[in-house]
Amino acid sequence: MSATPVTAPAPASGSSSGVELAETGGDATTPYLAVGGAAVLALGAAVLFGTARRRRARG
């Protein structure tokens, strides 16, 4: 069996380098989402710690 050569797709028109990358990074809401996620995580950890401590004190 012989392998057929694989060719790269033609570059998009209007691109000087021939490669168009996806837009990466966050927008203006990213810091708020990160802080909100950290707050929810901290609240969950505090609830877990509090219930474990209360159970240990009872018995």
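Hydrogens, waters and symmetry mates play no part in the numbers below; they use all other heavy atoms, side chains included.
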Tell me which donor-acceptor pairs under 3.5 Å the side chains of residues 34-41 have, and how far apart each pair is, sequence neighbours excluded?
none

Straight-line distance of T51 OG1 to R56 CZ, nearest 0.5 Å: 10.5 Å

All side-chain contact (heavy atoms from CB on, under 4.5 Å) counterparts of T29, not counting sequence neighbours: D27, L33

